[in-house]
Amino acid sequence: MPGRTLAPMSIRVRIAPSPTGTVHLGLARTALFNWAFARGSGGSFILRVEDTDKSRNSAESQAAIMDGLAWLGLDWDEGPDVGGPCGPYLQSERLASHLEAAERLLASGHVYRDFSTADELDAWRAEQEGAKQRRAYRGRDRDLAPEISAARAAAGEEFAVRFRIDEGQSTFTDMVRGTVTIPHAEIDDWVILRRSGGPGGGPTYNFVVVCDDLAMGISHVLRGEEHLVNTPKQLLLYEALDSAPPLFGHLPLMLGSGGKKLSKRDGHTSVGDYRDLGYPPEAVVNFLALQGWALDGEREVFSVAELQAAFDPRAVSKAGAVFDQDKFMWLAGEYIRAASVAELAQRCAPFVVAAGLTTADDLASRADWWRAVVAQEQERIRLYSEIPERVAYLFADDEAVPYAPKAEKNARRHESRLDTLAAFADFIASFGGAGGAGVAGAAGADGVGGAAVAGGADLPAPAELSDATKAWMAERELPFPAFGQPVRCALTGLPGGPDLFETMVLLGSQKTLARLAAAGARLSTD
RNA sequence: GGCCCCUUCGUCUAGUCAGGCCUAGGACACCAGGUUUUCAUCCUGGCGACAGGGGUUCAAAUCCCCUAGGGGUCACCA
């Protein structure tokens, strides 16, 4: 059923990746826009895999593509895995229909057999090299009488099938670019079927994409700008097939910092890279949506629901967008700060395990404690992957907590450090065991106080400990830095970090004491 | 090189279709303050653009033309 439908209720869009094994950011954004367009208009989003021949590992690569899209939260209504009324959704399985279409075009004279050889083509190309204005290629045999052409084919002579381009020009209205006109003198009599016989034979991309879009009733094609100049070829093909074409919209390219099409040279370019780097998928989607589109020009952080509701291909910008890593990371941080502690804890856990700090079982066995740890770091990280290095001290040996140079330097700045450390240790010891666990329950589910219970610690809740310590400091006329810097170094070895009292509770009195003692020795001499 | 597309702060963009509300708005980055036990968060302020030139108009970022620059594409790849 050839589809053409402009009615909102029958919007059908697709993403047609070739199974390369990774989801390139450009593909991801194209998929996202198509998906948002479909979801926002009650239409359908279709996944079709362009697995034309080759690739022996296509099953694997195909799975990788689907995983990538799914990770982003994109889902499709029809596709190789879920089926649908217009299947098969694997291009390689649609060959028969492609051949059938080619047959029809041959009969109607829109295409012709070209018996010229590769050498002849090369010669022609070489001849065009120096020409000031290259002419479009017209097949040597484009005017061969049909009977003769058929007879030669029947006799076993090899040929390619080319599309006959007539004089004139093609004009169409692009959803994002407006009116585009391309003279036919620029368009070759392009090949729809490769030279018969050999292993490379078969239908070409521009041909099958039209056949398949037609068969699947695709109403709108949103794709990258690199396809803009292919559009007239496809338009002419729809016409030859006696069908109405879909509406086209060509998205601006995503650019690397050099201003050229984003490529491997620009660093991380696939969705999987960002997943591994610790970006929240929601942030990736949000950022991708910002490349060439804007909600209202004011709000940078928005949900997919808002994207779906507001997306309109006609509002996509025409100019390419340079991929800004800084802004991307900022956005990731926004999502991390907005996440619930429970969810954040869950998403960060694998990174901590992968870093070798502990096991998943350990974190699961003291989930309250782990959540409290994550809550402490929430406003300090932009990526899940930043968690391990920040919390590594919690898992370190008390006697050998790594001291960052700056932390140690800060600590040594204070002449009184050794006295302070020793005296404070006594102060902490005074809380030892004395019914601390009894009051901790008041601290709330996600709070550090709650974690103290899970961790078996025996210190008062952080606020209480803080008040008590401050009173203790006042007595000794000790300014906060003189206390804080040596203690922070002793407990964490880091120059900065979360509230010290929360940290002590997380550590528990035993570890706190052990670290204070170790620091007394480690910070004594030079 | 031919053809096609594009051109607002360093970057992502709003505004351009329906010219005046734009001494061009927001965000990232950067700089300076503030809050703070450090780090971070957060808050305030600053820096910073209509590629250039001609028109049209009472009025142009917005319309027209030219120039320049950038990108894409020129396969029996997808």
Side-chain angles (χ1 to χ4, degrees), chain A residues 16-18 20 50-52 54 91 114 116-118 121 125 128-137 159-162 174 176-178 180-183 185-188 190-196 198 200-206 208-209 224-232 250 252-253 255 257 259-261 287 290-301 314 317-331 333 337 376-382 390 406-407 410 466 469-470 473 479-485 487-489 492 494-501:
Chain A
S18 52
T20 53
E50 312 254 314
D51 62 337
T52 39
K54 55 185 154 200
Q91 190 165 80
D114 188 14
S116 53
T117 64
L121 233 183
R125 245 195 292 268
Q128 293 295 311
E129 272 306 304
K132 53 276 128 201
Q133 173 148 0
R134 204 209 94 137
R135 293 190 338 260
Y137 181 75
F159 58 88
V161 176
R162 288 181 182 274
D174 187 280
V176 346
R177 268 148 231 284
V180 177
T181 299
I182 294 177
E186 285 299 314
I187 309 172
D188 288 336
W190 54 288
V191 169
I192 69 163
L193 241 39
R194 301 185 184 88
R195 177 161 285 268
S196 50
T204 58
Y205 168 78
N206 280 119
V208 296
V209 80
E225 189 188 348
E226 67 267 30
H227 291 287
L228 187 58
V229 295
N230 275 335
T231 307
H250 291 90
L253 261 18
L255 280 15
S257 43
K260 295 189 191 302
K261 193 154 75 161
F287 187 70
L290 252 12
Q291 301 291 290
W293 187 77
L295 217 211
D296 56 12
E298 298 285 315
R299 297 185 50 208
E300 311 276 332
V301 184
R314 291 169 300 187
S317 47
K318 302 177 178 70
V322 174
F323 197 76
D324 183 349
Q325 297 282 357
D326 284 338
K327 188 165 183 175
F328 193 9
M329 202 178 281
W330 161 78
L331 230 199
R337 265 165 264 136
Q376 268 199 323
E377 302 294 340
Q378 182 162 23
E379 67 192 31
R380 271 165 268 265
I381 60 173
R382 285 109 88 221
R390 302 198 57 86
K406 188 171 179 197
N410 287 343
S466 172
T469 304
K470 279 170 183 163
M473 281 190 285
F480 202 98
F483 161 81
Q485 293 188 316
V487 172
R488 184 175 294 285
C489 179
T492 73
L494 300 172
D499 178 82
L500 270 179
F501 305 101

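Below, chain A is the first sequence line, B the second, and so on; all start at residue 1. FYI, side chains are in, hydrogens and waters are out, and symmetry mates aren't considered; it's all heavy atoms of this structure. Because the structure is predicted, anything quoted here is derived from the model rather than measured.
For A:Arg380, whose side chain is taken as the heavy atoms from C-beta onward, the closest listed nucleotide among B:rA40, B:rG71, B:rU7 is B:rA40. You'll find that the side chain of A:Ala319 is closest to B:rC6, out of B:rC76, B:rC6, B:rC3. Considering only the side chain of A:Lys261, B:rU73 comes nearest among B:rG26, B:rA78, B:rU73. Comparing B:rU13, B:rA27, B:rU11 against the side chain of A:Asp324 picks out B:rU11 as the nearest. Relative to the side chain of A:Asp188, the nucleotides B:rU7, B:rC74, B:rA78 differ in distance, and B:rC74 lies closest. Relative to the side chain of A:Glu379, the nucleotides B:rU41, B:rC4, B:rC76 differ in distance, and B:rU41 lies closest. Side-chain atoms of A:Arg337 lie closest to B:rC42 of the nucleotides B:rC6, B:rC42, B:rA78. Closest approach to the A:Ala294 side chain among B:rU11, B:rG26, B:rU13 is made by B:rU13 (side chain taken as heavy atoms from C-beta onward). Nearest to the side-chain atoms of A:Ala321 among the listed nucleotides B:rC12, B:rC76, B:rG72 stands B:rC12.
When the C1' atom is used for both B:rG19 and B:rC28, the distance is 32 Å, rounded to whole Å. Nucleotides B:rC4 and B:rU13 have their C1' atoms positioned 25 Å apart, rounded to a whole Å. Rounded to a whole angstrom, the distance from the P atom of B:rG34 to that of B:rU38 is 13 Å. Taking atom C1' in both B:rU62 and B:rU57, one finds a spacing of 13 Å when rounded to whole Å. B:rG1 and B:rU67 have their P atoms separated by 14 Å, given to the nearest Å.
For the OP1/OP2 pair of B:rC39 and a distance below 4.0 Å, the side-chain nitrogens and oxygens of A:Arg488 include no atom meeting the criterion. Residue A:Arg195 places no side-chain N or O under 4.0 Å from the OP1 or OP2 atom of B:rA75.
Ring pair A:Phe323/A:Phe328 is perpendicular by interplanar angle, where above 60° counts as perpendicular and below 30° as parallel.
Contact check on A:Lys318 versus A:Glu225 returns no salt bridge, with no Lys/Arg side-chain nitrogen under 4.0 Å from an Asp/Glu carboxylate oxygen. Salt-bridge formation is not detected for the pair A:Glu379/A:Arg337: no Lys NZ or Arg NE/NH1/NH2 atom is positioned less than 4.0 Å from an Asp or Glu carboxylate oxygen.
Heavy atoms of A:Gly497 sit under 4.0 angstrom from at least one base atom. Among the atoms of the strands shown, base atoms are found under 4.0 Å from some heavy atom of A:Gly297. Within the 4.0 angstrom heavy-atom criterion, only backbone atoms of the sugar-phosphate kind lie near A:Thr181; the bases stay farther away. At a threshold of 4.0 angstrom between heavy atoms, the contacts of A:Gln291 are confined to the sugar-phosphate backbone, with no base atom among them. Contact annotation for A:Asn206: base contact, defined as any heavy-atom pair under 4.0 Å involving a base atom. Counting any heavy atom pair closer than 4.0 Å across all strands shown, A:Asp326 reaches sugar-phosphate atoms only and no base atom. Looking at heavy-atom distances under 4.0 Å, A:His250 makes no contact with the nucleic acid at all.
Side-chain polar atoms of A:Asn206 and A:Thr204 form no donor-acceptor pair below 3.5 angstrom.
Atom OH of residue A:Tyr137 and atom CG of residue A:Leu121 lie 4.5 Å apart, to the nearest 0.5 angstrom.
Counting to the nearest Å, the P atom of B:rU73 and the NZ atom of A:Lys260 are 11 Å from each other.
Residue A:Lys327 places a side-chain atom within donor-acceptor reach of the base of B:rA27, judged by atom type and a 3.5 Å distance cut-off alone.
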